[in-house]
Amino acid sequence: METPYDDRSGLIWLDGDLVPWRDAKGHVLTHALHYGSSVFEGERAYGGKIFESRKHSERLIESGKYLDMPLTYSVDDIESAKQQILDTASAEDLYVRAIAWRGSGLDMGVASARNKVHLAIAAWEWGAYYGD
């Protein structure tokens with residue numbers, strides 16, 4: 001039996017804290033849900049090490065800039081957060097998802113500079129993406 005992504009055990013790094021997986025939630029009026037104001041990196045860890053991790057972190061920050069959505073975390077901050085997640089994982093071969101998004105706040109129109117930019121990093125076991 002497969003487990004839905006909102007009902008798993010473990011920890012997710014969310015805005016600077018490790019939080020229980022099931023407690024990592026957002027509001028239905030999150031700007032990203034309505035306007036797509038989010039960016040992500042899909043990464044693979046093999047043997048406990050993320051393939052070209054730093055390049056992914058750099059690209060995540062650059063992607064945020066394209067959406068006028070500056071991340072408040074540096075590449076080193078993101079690398080440290082990903083390492084924290086790897087350190088808590090029960091496996092070494094994982095899919096790692098870093099995602100940044102505009103949250104709910106004072107703005108709901110396209111312009112959303114007053115809404116906080118959030119960052120979350122999660123990792124889970126996931127077999128071959130395109131099958132065997």
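Just so we're clear, the structure is a prediction, and the values are computed from it rather than from any experiment.
- The distance between the ring centers of W13 and Y73 falls below 6.0 angstrom.
- A distance of 14.5 Å separates CD of E62 from NZ of K55, quoted to the nearest 0.5 Å.
- Contact check for I99 versus V39: no side-chain heavy atoms found under the 4.5 Å cut-off.
- Considering CD1 of I50 and OG of S57, their distance stands at 7.5 Å, rounded to 0.5 Å.
- Using a cut-off of 4.0 Å between Lys/Arg side-chain N and Asp/Glu carboxylate O, E79 and K82 are scored as salt-bridged.
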Q) After noting the C-alpha distance and the side-chain angles of R97 and I121, does the key distance pass the side chain to side chain contact (heavy atoms under 4.5 Å, CB included) rule? A) CA-CA 6 Å; R97 173 64 60 96; I121 300 168; over 6 Å; no
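- Here the closest heavy-atom approach between residue A120 and residue I12 is recorded as CB-CG2, 4.3 Å.
- Nearest heavy-atom pair, A24 versus V19, reported as atom, atom and distance to 0.1 Å: CB-CG2, 4.0 Å.
- A salt bridge between D7 and R22 is present, with a side-chain N of the basic residue lying under 4.0 Å from a carboxylate O of the acidic one.
- In this structure, CG in L67 is found 14.5 Å from OH in Y35, a value given to the nearest 0.5 Å.
- A search for side chain to side chain donor-acceptor pair (under 3.5 Å) contacts involving H56 returns E41, R59, not counting sequence neighbours.
- Connectivity analysis of hydrophobic side chains (ILVMFWY, heavy atoms under 4.5 Å, direct or indirect) links F51 to Y46.
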Q: Starting from the C-alpha separation in whole Å, work towards a yes-or-no answer on side-chain hydrogen bond (donor to acceptor under 3.5 Å, both in side chains) for D77 and S80.
A: CA-CA 5 Å; D77 293 335; S80 175; over 6 Å; no
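- Cluster membership check: W126 does not share its hydrophobic cluster with L94, using side-chain heavy-atom separations under 4.5 Å among Ile, Leu, Val, Met, Phe, Trp and Tyr.
- Taking CG of L33 as the reference point, atom OG of S38 lies at 9.5 Å (rounded to 0.5 Å).
- V117 approaches A100 most closely through the heavy-atom pair CG1-CB, 4.4 Å.
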Contacts under 3.5 angstrom, residues 83-92 side chains, donor-acceptor by atom type, not counting sequence neighbours:
unit_1	atom_1	unit_2	atom_2	d
Q83	NE2	D87	OD1	2.8
T88	OG1	I85	O	2.9

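- No hydrogens or angles considered: nothing links the side chains of H31 and N115 as a donor-acceptor pair under 3.5 Å.
- The backbone N or O of V110 lies less than 3.5 Å from no partner atom in the side chain of H34, so there is not a single donor-acceptor pair.
- Stacking of R8 on the aromatic ring of Y5 is recorded, both the 6.0 Å distance cut-off and the 45° axial limit being met.
- Distance alone, capped at 3.5 Å, places no donor-acceptor pair between the D15 side chain and the H118 backbone.
- Residues R54 and D76 form a side-chain contact, since some pair of their non-hydrogen atoms from C-beta on lies under 4.5 Å apart.
- One distance of note links CG of D6 with CG of D23; it measures 12.0 Å at 0.5 Å rounding.
- Closest approach of L71 and G64 over heavy atoms only: CD1-CA, 4.0 Å.
- Ring orientation note: the planes of W21 and W124 are nearly perpendicular, at an angle over 60° on the 30°/60° scale.
- No cation-pi contact links R44 to Y95, judged by a cut-off of 6.0 Å to the six-membered ring centre and 45° from its axis.
- One hydrophobic cluster holds both V96 and L18 under the rule that ILVMFWY side chains link at heavy-atom gaps under 4.5 Å.
- In terms of heavy atoms, T30 sits closest to G103 at CG2-CA, 3.7 Å.
- Within the 4.5 Å cutoff, side-chain heavy atoms of I78 are placed close to those of L60.
- Looking at D68 and R102, no side-chain N of the basic residue comes within less than 4.0 Å of a carboxylate O on the acidic one, giving no salt bridge.
- Taking both residues in full, the closest heavy atoms of S37 and M69 are given as O-SD, 3.4 Å, listed atom of the first, atom of the second, then distance.
- The structure places NZ of K116 at 13.5 Å from CG of L106, a figure rounded to the nearest 0.5 Å.
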